[in-house]
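First comes the structure, then the notes that go with it.
All values below were derived from every heavy atom in this structure, side-chain atoms included, with hydrogens, water molecules and symmetry-related copies excluded. Numbers here are sequence positions counted from 1.
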Amino acid sequence: MADPVISFVIERTGDLLIQKIVFLKGVRRQVERLKDDLVRMRCFLKDADQRQDEEATIRNWVSEIRAAAYDAEDIIEIFASKVELFTKDKGLVTKLTYYPLKIVNRYKMGKEIESLQMRLNDMEKSRDKYGIKNLGVGTITHGEELQRVRRLVEDKDIVGFEEKTKSLVAELLKEDKNRRVVSIVGMGGAGKTTLAKKVYNHAEVRTRFDCRAWVCVSSSYNHKETLRTIIKQLNPITNELLDMLEKMQEQDLEERLRQDLQDKRYLVVLDDVWKEVAWDCLAGAFPDVNASSRLLLTSRNREVAVHADALSKPEELKTLGEKDSWQLFLRKALVHGDNAGCPRDLEKVGREIVRRCAGLPLAITVVGGLLLGKKELKSEWEKVLNNFSTHLSRGQSGVSAILELSYADLPANLKFCFLYLGLFPEDSVISVRKLIHLWVAEGIMQKGDAENLEEAAAYDDVERLCSRNMVQVAEMTVDKRIKSCRVHDLLRELAVRKAKDENFFQIHDTRDDQISAKSRYLAVHSLPLDKNYFRSSTPSLRSLLFFNIRENISLSFKSFRKLRTLDLENVKMGYNLPKEIGEVRLLRYLNLRGTYIRRLPLSVGCLRNLQTLDIRTISVDPVKLSNFIWKLESLRHLYAYNMECDVPLKIEGLRNLQTLSRISYHDIMQNNMITLTSLQKLMILVDDKSDIDKLCMHLSEVGSLKTLRLYYSPLPQSLGGLSKLHHVTELRLSGLFLRKLPPDFPPNLSRLSLKFTGLRDDPMPVLEKLGQLSILKIKDDVYGGLYGEPQQVMIISRHGFHQLKFLELSRLFHVHEIKVEEGALPQLQCLRIRGCFYLKKLPEELKHISTLDTLELVDMREDFISGLDADLVSSVPNLRIFDLPKERMQ
């Protein structure tokens with residue numbers, strides 16, 4: 001796809017023109033003309049894209065457009081950055097000193113734009129020569145392509161759908177007289193159509209409904225044809241009917257369908273619905289006359305299902321587990337199916353083939369069918385394994401073609417986001433917070449959003465990709481936000497293949513890979529043998545990301561002056577960050593987490609564009625830095641475990657700063673915190689010399705502050721004064737020897753976490769009275785601590801915690817009993833108990849809490865699990881038991 005990458009870069013060039021206009025005086029008209037020419041060229045990309053697979057000359061033309069768009073972006077950003085350096089916050093004398101340099105750079109930029117303009121003129125002439133037409137601006141529609149992709153017929157060998165079939169049949173047969181929509185959602189190839197057919201042909205379903213119809217809607221939705229298809233299934237087929245349907249307009253067809261379904265209990269399957277608008281067009285043709293009629297809808301997009309019926313929870317198809325995947329594979333790959341098992345000499349290679357399919361039924365079916373036509377020889381199966389991707393992409397009904405439909409349907413900005421995920425290694429669990437920081441630094445977010453909304457827009461894009469089943473949710477937070485995600489292996493291969501076609505990024509995953517001079521984004525999964533690999537000049541590189549590299553490397557930052565993002569997480573690179581880092585002036589994201597860096601050079605203060613700085617290193621000592629943080633005017637997120645500066649660290653005036661992680665009490669008190677107008681999350685290191693009351697008074701006017709975390713060692717004299725923090729809704733206290741709770745809490749507190757505190761008394765009588773508390777986590781031997789005996793009782797009284805929705809009790813080694821009085825916890829939805837080894841049983845009163853949906857028991861003793869009350873277990877819809885604490889929801 002030429003469209004997503006080039007369109008994105010052209011849009012970003014326009015954004016730069018708006019943002020940097022004040023620094024582009026003298027070349028503004030040239031820049032505007034340049035952008036206009038690029039936009040005009042984009043109008044021809046639709047035709048070029050449809051022809052570039054067949055013609056190498058067209059492919060080269062598209063590549064030239066891409067290079068020109070990249071160069072335009074570089075010219076504008078670098079020039080504006082230099083002029084900004086010369087003029088911003090400078091006195092008159094300094095400005096006059098830099099004025100000649102400013103004139104020289106303006107002249108150079110004018111010449112570069114002139115050269116680029118000539119290239120575009122040549123491209124325009126080539127366009128006429130190649131006969132490339134203007135088919136309009138916008139994302140390519142793939143209707144004709146999608147229709148040619150054959151849908152797989154019903155698969156009687158499918159496994160793992162028994163429970164889902166029962167559940168869906170039960171939904172269709174419910175006594176609800178209203179017309180309802182029951183939905184199945186999942187990624188391409190997950191088996192949605194297969195499951196829908198099993199339900200559609202179920203004996204009880206066939207006898208329940210007066211009439212049934214099935215229609216494939218598809219992405220290239222044709223309203224008239226869809227209506228005709230349904231009507232034909234509801235009436236005897238005659239030439240008269242066919243002639244009449246051909247002559248009918250849309251309104252007539254809708255009215256005819258309503259008449260056919262009126263006063264009947266009907267079931268209509270709408271298979272493969274891509275857009276909400278398709279449902280909106282059809283909905284009015286299905287009468288709701290209290291006859292218990294049903295529509296069964298399948299879609300790759302969860303938003304479509306929810307739009308069709310907000311009261312009906314979609315049935316989400318996940319990938320198959322290892323056992324079901326193996327069973328399906330045997331049924332498909334062996335003549336005797338799974339009856340006799342797999343020949344011993346084939347099992348190892350067979351299981352590796354199944355692993356590569358990553359639980360996707362369509363992939364297993366395609367590869368299994370391929371093996372069925374071959375001899376049952378190890379050498380034959382190994383050939384298929386060695387050419388795995390090739391076999392899955394063959395033909396327009398291959399797995400890759402099916403998955404490409406989902407990609408083709410993405411808007412241009414989501415295509416760009418999806419391609420970016422291909423940089424991460426296979427099977428990566430990707431932190432959504434980190435991903436958002438990277439996307440914002442890359443400028444991926446629409447600039448129509450205000451700067452403080454960019455990260456919200458980025459999170460929305462993660463949700464949209466998950467909703468479309470292009471990305472899988474790996475972990476959720478307790479308030480149902482996506483904490484981490486992953487990409488199915490086959491979809492990641494699609495992203496990598498598309499990105500390679502676009503020269504979008506390069507992945508270095510073998511020891512002998514060579515870096516491309518044209519690479520804009522480089523992900524290093526394996527270090528090269530060439531020691532000078534990262535010291536060579538790479539003028540085009542914008543992003544350099546290292547993954548799972550724990551070897552020593554040496555970087556020459558002079559080679560990477562255009563970098564926007566630099567991710568060195570877990571990389572070994574010595575104790576001191578080279579001072580040349582200050583020359584990478586466009587840098588917006590710098591991640592040093594997990595490195596051994598002990599000192600940041602003064603030159604880091606030159607990174608005026610830096611948005612995210614992560615210095616959570618594994619050094620025992622604090623990271624030493626000079627007093628330059630206040631100069632990082634674009635800084636939004638500063639993450640650290642401990643920082644040390646020779647003088648009080650100045651941070652005031654950082655109006656973009658949203659996250660400030662572990663700064664000392666003494667540094668906080670030396671700064672005017674009211675000037676941090678965007679600060680939302682603050683983590684402070686306090687000790688026995690810290691006055692918490694004064695601290696809270698100091699922070700009380702920071703109206704944007706929502707989250708406060710106090711890490712103490714040793715304990716302050718008092719934790720009083722927290723009630724002054726009216727804006728704070730989340731509080732975390734962590735440290736040793738806190739023997740009693742604070743005397744007061746923020747009045748609007750909704751989330752509280754206590755960790756490593758060693759309380760002497762039961763905290764529940766105090767905490768249960770916090771009227772707005774909805775999430776409570778008590779972790780790591782809080783109750784009893786070093787002072788109690790392992791015979792403590794925790795009591796939640798009648799009407800206690802009347803707003804609490806989530807409660808976690810983790811590793812409380814001194815608690816042997818929890819009592820919950822009648823009427824307590826009336827809103828509780830999830831209870832998690834982890835590693836409380838002396839706890840004998842759960843309180844019986846839990847079964848009377850009607851809102852309790854999930855009970856998680858992690859790393860609990862066997863006698864505790866075996867002694868669970870049967871009535872309690874049956875009363876909780878979701879019981880999750882884990883032998884080891886693998887589930888992490890924080």
Side-chain angles (χ1 to χ4, degrees), residues 81 84-91 94 557 566 568 573-593 595-617 619-687 689-691 694-695 698-699 701-702 704-705 709-711:
S81 177
E84 187 174 5
L85 176 67
F86 297 154
T87 60
K88 192 168 183 181
D89 299 333
K90 299 290 192 299
T94 307
F557 290 112
L566 178 59
L568 294 164
M573 52 177 301
Y575 297 126
N576 298 317
L577 190 66
K579 64 181 181 181
E580 289 79 17
I581 186 68
E583 298 182 29
V584 192
R585 297 186 185 274
L586 298 179
L587 197 65
R588 298 176 185 171
Y589 177 93
L590 177 59
N591 184 5
L592 302 172
R593 185 174 187 176
T595 66
Y596 289 95
I597 295 292
R598 293 179 181 175
R599 179 182 292 276
L600 297 185
L602 182 62
S603 61
V604 172
C606 298
L607 304 179
R608 305 282 288 268
N609 294 297
L610 195 65
Q611 297 173 352
T612 300
L613 175 60
D614 193 336
I615 49 175
R616 290 176 288 188
T617 67
S619 173
V620 176
D621 299 320
V623 175
K624 292 181 171 61
L625 64 161
S626 301
N627 198 12
F628 59 73
I629 295 295
W630 64 275
K631 296 181 181 180
L632 306 177
E633 58 193 35
S634 300
L635 195 64
R636 300 182 184 189
H637 306 282
L638 174 57
Y639 299 104
Y641 289 138
N642 201 350
M643 297 178 288
E644 184 178 286
C645 185
D646 294 336
V647 297
L649 191 65
K650 183 180 177 182
I651 56 172
E652 61 188 45
L654 294 176
R655 299 185 181 279
N656 294 303
L657 192 65
Q658 299 172 29
T659 307
L660 181 54
S661 173
R662 299 204 200 177
I663 185 171
S664 76
Y665 164 85
H666 304 286
D667 287 334
I668 287 287
M669 298 304 291
Q670 293 294 322
N671 284 273
N672 180 5
M673 298 300 290
I674 299 177
T675 64
L676 277 61
T677 54
S678 299
L679 188 64
Q680 297 174 26
K681 297 181 180 180
L682 177 60
M683 286 132 269
I684 306 174
L685 297 170
V686 298
D687 55 28
K689 297 177 182 178
S690 304
D691 188 326
K694 282 186 178 179
L695 174 66
H698 194 59
L699 298 175
E701 297 301 319
V702 185
S704 58
L705 185 63
R709 300 175 184 176
L710 300 179
Y711 300 88

Can you check whether [X] reaches [Y] side chain to side chain, under 4.5 Å on heavy atoms?
X	Y	value
Tyr639	Thr612	yes
Leu577	Val604	yes
Ser678	Arg636	no
Phe557	Leu566	yes
Pro601	Asn576	no
Ile651	Leu638	no
His666	Asp687	yes
Leu705	Leu676	no

Look up atom [atom1] in [X] and atom [atom2] in [Y], then write down how far apart they are to the nearest 0.5 Å.
X	Y	atom1	atom2	answer
Asn609	Arg585	CG	CZ	10.0 Å
Leu568	Asp614	CG	CG	11.0 Å
Tyr641	Ser619	OH	OG	12.5 Å
Ile597	Met573	CD1	CE	4.5 Å
Ser634	Leu657	OG	CG	11.5 Å
Leu679	Ile674	CG	CD1	12.5 Å

If you look at every heavy atom in [X] and [Y], which pair is closest and at what distance?
X	Y	result
Cys645	Ser626	SG-C, 3.9 Å
Lys631	Gly605	CB-O, 3.7 Å
Leu649	Met643	CD2-CE, 4.1 Å
Gly582	Cys606	O-CB, 3.7 Å
Leu607	Ile581	CD2-O, 3.5 Å
His698	Ile668	NE2-O, 3.1 Å

Practice prompt. Check step by step if side chain to side chain contact (heavy atoms under 4.5 Å, CB included) holds for Leu590 and Val584.
Written response: CA-CA 11 Å; Leu590 177 59; Val584 192; over 6 Å; no
Worksheet entry | Ring-face cation of Arg662 near Tyr711 (centre distance under 6.0 Å, axis angle within 45°) |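 Yes, Arg662 sits over the ring of Tyr711.
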Item to complete: Give a yes or no on whether the backbone of Arg593 and the side-chain of Thr617 come within a donor-acceptor separation of less than 3.5 Å.
Response: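 No, because the side chain of Thr617 does not come within donor-acceptor range (under 3.5 Å) of the backbone of Arg593.
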Worksheet item: Who pairs with His637 by ring pair (Phe, Tyr, Trp, His ring centres under 6.0 Å), at least two apart in sequence or on another chain?
Response: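 Only His437 meet the ring pair (Phe, Tyr, Trp, His ring centres under 6.0 Å) criterion with His637.
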Worksheet entry | Set of side-chain contact (heavy atoms from CB on, under 4.5 Å) partners for Gln670, sequence neighbours left out |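 For Gln670, the residues satisfying side-chain contact (heavy atoms from CB on, under 4.5 Å) (neighbours in sequence not counted) are Pro648.
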Worksheet item: Under the salt bridge (Lys or Arg N to Asp or Glu O under 4.0 Å) rule, what pairs show up with a residue in residues 644-657, not counting sequence neighbours?
Response: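 Listed by first then second residue: Lys624-Glu644.
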